[in-house]
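Step one of this worksheet: look at the structure below.
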Amino acid sequence: MEEQQTGALVRRCLAGDAAAWEEIVRLHNRRIYNLCYRFTNSPDDAQDLTQDVFVRVYKTMGSYHIEKGAFTTWLTTLTRNLLVDHFRKSKQDRITDSIDAGLREEDDSLSLGDRLEDPRPNPDDRLASKEAQKMVQMALARISPDLREAVILRDLQDMDYKEIAQVLRVPEGTVKSRINRGRMELARLLSRNKRQVSNE
Amino acid sequence: MNNEPKNGMDCSEFEALLADALDNAVAADARTAFDEHGRSCAVCGPMLAEALEGMLMVRGLAELEPPKNLVHNILAATSRKEATAEQIAEEAKLGWMERMRRSLTPGVGGLLHSRFAMSFAMAFFSLSITLTLAGVKVTDVTNMVEHPSLLRKTVVLGYTNVEAKVTSYYENLRLVYQVQAKVRELKKNTAPVSGPGENQQQNRKSEPDGRDKLNEDYSMERDGSLIAQTFTWHEGARI
């Protein structure tokens, strides 16, 4: 439904309807801003990149064909390409923490089904405080870009594996593998941070 | 990682199903084997726990509110792009003169109006002609700019050149006048001598009624009556 609405807006926009373009910007700016912020960990960079994304969309909208795929996927692909360019330009530190296996003492007595259903307080309660959110964001910024983008697209942008594979131009199996590794790495980093905080 | 099957599933199969299992997208029979393997495998169990924790943490991140001016900035940036594209298309249709005039600031651009442009052109040509006649060369000006110490030398040299040209001109002019004067003198000396009355006779114009203008006495009417008389002052005379 949303894609049909966006498709109609795109057609109107290509016909020169300024109001349609404004509607597209209003519909998607939040999602793109969040994607950029989670990837760059900088509000200023996120704002600039979001603006760049929409300028690029505006210029290249003629190349988008509705029958080839969803507008959201196309928009995300474009955003991801700009994020990769930005990452290369900014020469962000790619060195990520090594993964220390076996450091965690996890209670694995519960089955996966039990844990997924209602094993602990829900994520909103667990990450209610700003500090906790900041820690997760910091950890997200520290994992490698390949893993980060896969995790962000799946867990924050709620895209399915097929769409992510299309955006990242890798097979679905690779997408799943990256997502698993990214999640595990995040958990280890956060666990390490918690231990450091409790030791201080 | 151990590849020996445990509970009907090996570790690579477990890892392949991990993402789908976290999404609750694994078929029931495979799910049982998956859970069993996760509980019994020392490698896959912690892996599952970490992946789950990581997923919950990231999904717990709140959606951020974009800056208030973001939409406005995007729309402004895209409308500017549109305006720029239209401007480029419009400028492509214009002549080079108009494009140059528009590229200048509005204050300076107004000076390129035809009447101002003609005035500037005339002033430029006048100046260039004056400088050319004065012997100023463009290379001299360039040298002056590049080497300010040469300024005085160049000015003195230019002045001397101009003075020499003017002096030469007047010397030549004087020579021409002298030659002309000599020629006239020679002509005068070589011409045949004639009586003073002959020339007067030739130049004199007679009145239609035969009266001689030079010898006519205008102090008297034609009938002989006196109209005016000049007085000669004699010493001792009384008025």
Side-chain angles (χ1 to χ4, degrees), chain A residues 18 21-22 25-26 29-34 37-38 43 46-47 50-51 54-55 58-59 101-102 104 106-109 111-113 115-116 120 122-128 132-133 136-137 139-140 151-152 154-156 161 173 175-177 179-188 190-191, chain B residues 1 12 14-26 28 31-32 34-82 84-86:
Chain A
W21 168 244
E22 191 175 335
V25 174
R26 289 192 191 285
N29 79 88
R30 177 187 285 261
R31 199 174 69 80
I32 299 302
Y33 176 78
N34 273 272
Y37 176 75
R38 294 303 178 199
Q47 190 171 354
T50 306
Q51 196 168 315
F54 280 99
V55 169
Y58 189 79
K59 282 160 69 178
R104 288 192 72 251
E106 187 65 31
D107 177 19
D108 53 359
S109 58
S111 71
L112 177 61
R115 277 183 262 169
L116 285 173
R120 310 166 216 213
N122 66 48
D124 287 337
D125 294 337
R126 292 178 66 197
L127 298 170
Q133 298 246 348
V136 175
Q137 176 60 43
L140 197 58
V151 169
I152 290 171
R154 177 69 196 131
D155 291 335
L156 291 175
Y161 298 115
V175 170
K176 288 177 181 176
S177 170
I179 290 169
N180 289 336
R181 281 161 51 210
R183 286 168 175 170
M184 285 190 285
E185 203 162 330
L186 270 174
R188 288 170 196 174
L190 287 165
S191 171
Chain B
M1 191 174 282
S12 58
F14 181 89
E15 194 181 359
L17 285 174
L18 181 58
D20 287 330
L22 290 172
D23 291 334
N24 279 331
V26 178
R31 183 59 185 262
T32 310
F34 181 87
D35 287 343
E36 286 298 319
H37 183 92
R39 269 194 290 270
S40 59
C41 182
V43 177
C44 295
M47 188 167 74
L48 170 65
E50 282 175 346
L52 176 65
E53 188 177 352
M55 182 185 82
L56 294 174
M57 282 174 171
V58 177
R59 289 190 178 180
L61 284 172
E63 195 177 50
L64 295 165
E65 192 65 34
K68 285 178 181 173
N69 58 348
L70 182 61
V71 173
H72 174 265
N73 288 350
I74 291 167
L75 294 175
T78 48
S79 61
R80 201 162 50 238
K81 291 270 175 199
E82 191 176 34
T84 309
E86 282 175 6

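Predicted, not measured: the structure shown is a model, and the values here were computed from it. Basis for what follows: all heavy atoms, side chains included, without hydrogens, waters or symmetry-related copies. Within every chain, numbering begins at 1; the chains are lettered A, B, ... in the order of the sequence lines, protein sequences first and strands thereafter.
- In this structure, Gln47(A) and Asn69(B) have side chains that are in contact, with non-hydrogen atoms separated by less than 4.5 Å.
- Looking at every heavy atom in both residues, Asn29(A) comes nearest to Pro66(B) through OD1-CG, 3.5 Å.
- For Arg30(A), the salt bridge (charged side-chain N to carboxylate O under 4.0 Å, His left out) partners two or more places apart in sequence, or in a different chain, are Glu63(B), Glu65(B).
- Atom CE in Met55(B) sits 11.0 Å away from atom CD1 in Ile179(A) (nearest 0.5 Å).
- Considering all non-hydrogen atoms of both residues, Gly54(B) and Ala187(A) come closest at N-CB, 3.9 Å.
- Between chain B and the residues Leu156(A), Val151(A), Ile32(A), the most heavy-atom pairs under 4.5 angstrom are made by Leu156(A).
- Shown here for Ala77(B) and Val55(A), the closest heavy-atom pair between the two residues is CB-CG2, 3.9 Å.
- Across all their heavy atoms, Arg183(A) and Leu22(B) have their closest contact at NH1-CD1, 3.3 Å.
- Nearest heavy-atom pair, Ile74(B) versus Gln51(A), reported as atom, atom and distance to 0.1 Å: CG1-CA, 4.0 Å.
- Within the 4.5 Å cutoff, side-chain heavy atoms of Leu61(B) are placed close to those of Arg38(A).
- Between Phe54(A) and Thr78(B), the shortest heavy-atom contact is O-CG2, 4.1 Å.
- Here the straight-line distance linking atom CG of Asn180(A) with atom CD of Glu50(B) works out to 11.5 Å at 0.5 Å rounding.
- Taking the side chain as every heavy atom from C-beta outward, Asp20(B) and Tyr161(A) approach each other to under 4.5 Å.
- Between Glu53(B) and Leu190(A), the closest side-chain pair of non-hydrogen atoms is not below 4.5 Å.
- For the pair Arg154(A)/Arg59(B), a side-chain contact is recorded, criterion being any heavy-atom separation below 4.5 Å from C-beta on.
- No donor-acceptor distance shorter than 3.5 angstrom exists from the side chain of Glu22(A) to the backbone of Leu75(B), with no hydrogens or angles considered.
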